[in-house]
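Here's the structure, in structure tokens; my notes come after.
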Amino acid sequence: MTETPQQAAKVIQQRLALYFKPRTQHRYRLDIVNNIYGASYNFFLNIQAPYQRERSLPLHRLRVYQLVYLKVESIK
């Protein structure tokens, strides 16, 4: 059974809420990586604090390898 784009977006949103803590002088970046060898799209949250290395936290993997799944109209 494959997940719908809305289900995947909800999972990513929940995991972002766990890791995202707004702090001054921190950089946050959401990366979507096209994994051509594994035929999937991977989502990562990158966090960098001042004078520290950047951390990359995996959020989710879309196993359905179609660009249509990357565009979600609304999350409910």
Side-chain angles (χ1 to χ4, degrees):
M1 183 175 137
T2 61
E3 65 183 356
T4 65
Q6 289 80 12
Q7 290 171 335
K10 190 172 273 195
V11 169
I12 292 168
Q13 197 174 37
Q14 289 170 349
R15 292 182 181 166
L16 271 173
L18 287 175
Y19 296 126
F20 182 74
K21 308 284 189 247
R23 296 182 182 148
T24 58
Q25 298 184 355
H26 279 61
R27 292 184 185 182
Y28 297 94
R29 188 177 71 226
L30 180 65
D31 287 342
I32 303 171
V33 179
N34 182 9
N35 182 359
I36 58 173
Y37 302 107
S40 64
Y41 295 106
N42 300 322
F43 291 80
F44 296 93
L45 176 65
N46 295 325
I47 303 171
Q48 185 174 11
Y51 309 109
Q52 292 183 5
R53 291 185 178 199
E54 186 176 40
R55 295 185 326 162
S56 182
L57 303 168
L59 296 176
H60 193 62
R61 174 193 243 175
L62 275 180
R63 296 186 192 275
V64 178
Y65 196 57
Q66 297 175 359
L67 279 176
V68 178
Y69 267 60
L70 291 180
K71 182 180 178 185
V72 178
E73 295 298 325
S74 64
I75 301 171
K76 295 180 184 176

Q.
Count I, L, V, M, F, W, Y as connected when their side-chain heavy atoms are under 4.5 Å apart, and connections chain through other members. Are Ile32 and Leu62 then in the same cluster?
A. yes
According to a hydrophobic-cluster definition based on side-chain heavy atoms being under 4.5 Å apart (Ile, Leu, Val, Met, Phe, Trp, Tyr only), do Val33 and Leu16 belong together? no
message: Any heavy-atom pair between the side chains of Arg27 and Asn46 that's under 4.5 Å?
response: no
Heavy-atom closest pair (Gly38 atom, Asn35 atom, distance to 0.1 Å) is N-OD1, 3.0 Å
Are Ile47 and Tyr51 connected, step by step, through hydrophobic side chains (Ile, Leu, Val, Met, Phe, Trp, Tyr) whose heavy atoms are closer than 4.5 Å?
-> no
Applying side-chain contact (heavy atoms from CB on, under 4.5 Å) to Gln66 and not counting sequence neighbours gives Val64, Tyr69
Residue set satisfying side-chain hydrogen bond (donor to acceptor under 3.5 Å, both in side chains) with Gln52, at least two apart, ordered chain then number -> none
Note: Arg61 and Glu3 closest approach over all heavy atoms is O-OE2, 4.1 Å
When rounded to the nearest 0.5 Å, the distance separating CD of Gln48 from CZ of Arg55 is 11.5 Å
Query raised in the report: Can you get from Leu30 to Leu67 by hopping between Ile, Leu, Val, Met, Phe, Trp and Tyr side chains that sit under 4.5 Å apart?
Result: yes
Across all chains, not counting sequence neighbours, the ring pair (Phe, Tyr, Trp, His ring centres under 6.0 Å) partners of Tyr41 are Tyr65
Sorted by chain and number, sequence neighbours left out, side-chain hydrogen bond (donor to acceptor under 3.5 Å, both in side chains) with Arg29 holds for Asp31, Glu54
Cluster membership besides Val11, Ile/Leu/Val/Met/Phe/Trp/Tyr side chains within less than 4.5 angstrom, sorted by chain and number, is none
Test log, rule side-chain contact (heavy atoms from CB on, under 4.5 Å), inputs Lys10 and Gln14:
CA-CA 6 Å; Lys10 190 172 273 195; Gln14 289 170 349; 3.9 Å; yes
Sequence neighbours excluded, the answer for side-chain contact (heavy atoms from CB on, under 4.5 Å) partners of Phe20 is Pro22, Tyr28
Quick note, side chain to side chain donor-acceptor pair (under 3.5 Å) partners involving residues 17-26, not counting sequence neighbours, are none
